[in-house]
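Shown next, in structure tokens, is the structure this report addresses.
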Amino acid sequence: MEQRARPHEIGALRGVGWRDAAQRLVANAPGADPAADGGQSAAQVFEAARAEDPVALAAVDRFAADVAHGVTAMVLTIDPDLVVLGGGFSHAADLLLPRLTAELAETCLHLPRLEASELGDQAVAHGALRMALDTVDQRMTSLDSTVPLAPAAIRGH
């Protein structure tokens, strides 16, 4: 029996629209090249939007609406004071944050503050490193002083 992958974050839910929002951003952009690197193509769309290209602006508007749909679901569920735009798209905060704010203002009872992550597309790597360091720290501080300090002891074996 085949097991289906389970979504681990709200963005994986098909109804939210995040799953293919970045692909739609690039596909609807001026001079879209489906074979190009998605991150590079998105950056080109944002640059074209900054130059007030109407096709790029429409693509950014659609992308912001797609992202806002999922953010709205989270905001209405957990009522955060702050929503952080992270990852590679934080570099387009100047374009996305005003659009997201406008979209959320129409659907959310309490509008959270929206900010861009200063870590950009390195946020996941920083988070993974922090978790690894926390794990090592926890294991090191929980060792019995009679146990010799060896890799196996730190790994918990």
Side-chain angles (χ1 to χ4, degrees), residues 2-140 155:
E2 183 182 332
Q3 261 190 335
R4 291 176 41 176
R6 293 184 179 170
H8 297 290
E9 58 185 47
I10 197 165
L13 299 172
R14 284 190 181 99
V16 170
W18 285 358
R19 190 172 260 205
D20 55 357
Q23 293 167 336
R24 282 193 306 275
L25 170 71
V26 173
N28 295 319
D33 178 8
D37 170 46
Q40 182 62 31
S41 296
Q44 290 171 344
V45 173
F46 294 129
E47 285 306 312
R50 287 183 183 104
E52 299 187 18
D53 180 289
V55 175
L57 286 168
V60 171
D61 287 343
R62 170 61 196 237
F63 179 74
D66 288 344
V67 171
H69 185 72
V71 174
T72 296
M74 288 191 292
V75 168
L76 292 174
T77 303
I78 60 175
D79 193 25
D81 290 325
L82 172 67
V83 172
V84 178
L85 177 66
F89 292 108
S90 63
H91 299 296
D94 59 315
L95 295 167
L96 294 174
L97 291 180
R99 287 168 170 81
L100 289 171
T101 300
E103 291 278 343
L104 294 176
E106 292 182 20
T107 57
C108 295
L109 301 173
H110 165 71
L111 185 63
R113 198 171 77 247
L114 299 172
E115 292 185 11
S117 170
E118 294 180 12
L119 298 176
D121 52 4
Q122 295 297 312
V124 173
H126 285 271
L129 181 59
R130 179 74 261 159
M131 286 182 67
L133 291 171
D134 288 348
T135 299
V136 169
D137 183 55
Q138 183 273 327
R139 288 185 180 166
M140 294 283 290
R155 284 191 298 265

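No experiment lies behind these values; they were computed from the predicted model shown. Residue numbers run from 1 in the order of the sequence given.
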| Residues which pass side-chain contact (heavy atoms from CB on, under 4.5 Å) with T72, listed by chain and number, not counting sequence neighbours | L76, L104, T107, C108
| remark: Looking only at heavy atoms, the pair that brings H91 and R50 closest together is O-NH2, 3.0 Å
| remark: Residue set satisfying side-chain contact (heavy atoms from CB on, under 4.5 Å) with I78, at least two apart, ordered chain then number -> P80
| Only one of L82, L85, V83 clears side-chain contact (heavy atoms from CB on, under 4.5 Å) with E115; which? | L82
| query | Atom CG in L114, atom CG in L97: separation rounded to 0.5 Å? | reply | 6.0 Å
| request: Would you check if R99 and L57 make a side-chain contact, meaning some heavy-atom pair closer than 4.5 Å? | output: yes
| Do F46 and D94 come close enough that some side-chain heavy atom pair is under 4.5 Å? | no
| request: Any chance you could measure L111, atom CG, to D81, atom CG, to the nearest 0.5 Å? | output: 11.0 Å
| Inter-residue atom distance R130.CZ - T135.OG1, 0.5 Å rounding | 9.5 Å
| message | My understanding is that only residues two or more places apart in sequence, or in another chain, count here; which of them pass side-chain hydrogen bond (donor to acceptor under 3.5 Å, both in side chains) with S117? | response | none
| Rounded to the nearest 0.5 Å, what separation is found between the CG atom of L95 and the CD atom of E47? | 8.5 Å
| task | Over all heavy atoms of both residues, which pair between A93 and P98 is shortest? Give the atoms and the distance, please. | result | O-CD, 3.7 Å
| field | Spatial distance of atom CD (E103) from atom CG (L96) [nearest 0.5 Å] | value | 11.5 Å
| CG of L100 to CZ of F63: how many Å apart, nearest 0.5 Å? | 8.5 Å
| Just wondering, are more than 12 heavy atoms of other shown residues or ligands nearer than 6.0 Å to CG in D134? | yes
| request: Please name the pair of heavy atoms, one in V84 and one in A116, separated by the smallest distance, quoted to 0.1 Å. | output: CG1-C, 4.2 Å
